[in-house]
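Presented below is the structure to which this report refers.
Since this is a predicted model, take the numbers as computed values, not measurements.
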Amino acid sequence: MGSAGAKQKRADRRAKIEELRRAEAARQRRNRIVTWTCSGVVTVGAIAGSWYLVDRSATRDKEQERAAAAPIKGERSFKDLGRNHVTTPVDYKSSPATGGDHNPVWMNCDGDLYGKEIDETNAVHSLEHGAVWVTYSDKADASEVRALKAKVEKTPYSLMSPYAEQSAPLTLSAWGKQLSVTSASDPRVNAFFDTYVQGAQTPEPGAACTGGKAV
């Protein structure tokens, strides 16, 4: 093969190589575009997903707040309750009391069970700290009392004791709130605990439920 033919062959090879280089460069550009596009889609999707989760969580929180703010069917509310510390008997607006002037010492209310009646003025101080006070009369079925005792025992900021003078077999009291039931399985019992144990009605949220009066 002459020199002219060799030159032509080299030229053809260079042209082929250049063509391959251009093709490879074009392929790499396409890959980068696809990668950027996919990344953008993923990023947008992630952002959209995050906003969806945040929005859904906020909606759920608002629904829970509305549910907590809604009155529980059958509950009674009491307003204008005094909060003075006294060491004398108090004439309360309800029986059991749901709030008012009270003893400077609270009843321990860290899931505490009392087998006999307790001083109401001490119990009211516990309500001021955000406790739910469960009381029962001799009309209450023993199995229902046991079921409520089990619930109170595992619930911080709650206490339970007998209360002979109440009209209902079972009564749940919080500061300014009261509910009477006949059964521990009444769904309103859980609703009362969920709403009022350290609930929005609490005058002194976070105050101690231990270190007070035990008997």
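Within the structure, the ring pair (Phe, Tyr, Trp, His ring centres under 6.0 Å) test picks out the following pairs touching residues 80-111 (sequence neighbours left out): H85-H102, H85-H125, H102-H125, W106-H125, W106-H129.
Under the 4.5 Å side-chain contact rule for hydrophobic residues, V197 and L172 share a cluster. Under a hydrophobic clustering in which Ile, Leu, Val, Met, Phe, Trp and Tyr are joined whenever their side-chain heavy atoms come within less than 4.5 Å, directly or via other members, Y157 and W133 fall into different clusters.
Taking 4.5 Å as the limit, every side-chain heavy atom of E144 sits out of range of all side-chain heavy atoms of Y136. V189 has its side chain within reach of V181: a pair of non-hydrogen atoms, C-beta onward, lies under 4.5 Å apart.
By the side-chain hydrogen bond (donor to acceptor under 3.5 Å, both in side chains) test, E75 is found to be paired with Y196, residues two or more places apart in sequence or in another chain being considered. R76 is linked by a side-chain hydrogen bond (donor to acceptor under 3.5 Å, both in side chains) to nothing, counting only residues two or more places apart in sequence or in another chain. Listed by chain and number, the residues in a side chain to side chain contact (heavy atoms under 4.5 Å, CB included) with N122 are N103, V105, M107, D119, K213 (sequence neighbours excluded). The side-chain hydrogen bond (donor to acceptor under 3.5 Å, both in side chains) search around S180 returns none, not counting sequence neighbours.
In this structure, the side chain of D110 does not engage the main chain of T210 through any donor-acceptor pair within 3.5 Å. Judged by distance alone, the side chain of E117 and the main-chain N or O of S161 form no donor-acceptor pair under 3.5 Å. Counting only distance, with no hydrogens or angles, the side chain of E165 and the backbone of S95 share no donor-acceptor pair below 3.5 Å. For the pair K116 (side chain) and V215 (backbone), a donor-acceptor distance under 3.5 Å is absent. With T202 contributing its side chain and E204 its backbone, the two residues share no donor-acceptor pair below 3.5 Å. A donor-acceptor contact shorter than 3.5 Å is absent between the side chain of D101 and the backbone of V86.
Donor-acceptor pairing under 3.5 Å is lacking for the side chains of Q178 and T98. With 3.5 Å as the limit, one finds a donor-acceptor pair spanning the side chains of T135 and Q166.
Within 6.0 Å of CG on D91 lie no more than 12 heavy atoms contributed by other residues, nucleotides or ligands.
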Would you list the atom pairs, donor with acceptor, under 3.5 Å between side chains in residues 145-155 and any protein atom, with sequence neighbours excluded?
residue : atom : partner : partner atom : Å
K151    : NZ   : N190    : OD1          : 2.9
T155    : OG1  : K151    : O            : 2.6

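Residues L127 and G99 approach most closely at CD1-N, 4.4 Å, considering heavy atoms.
A distance of 10.0 Å separates CD1 of I118 from CG of N108, quoted to the nearest 0.5 Å.
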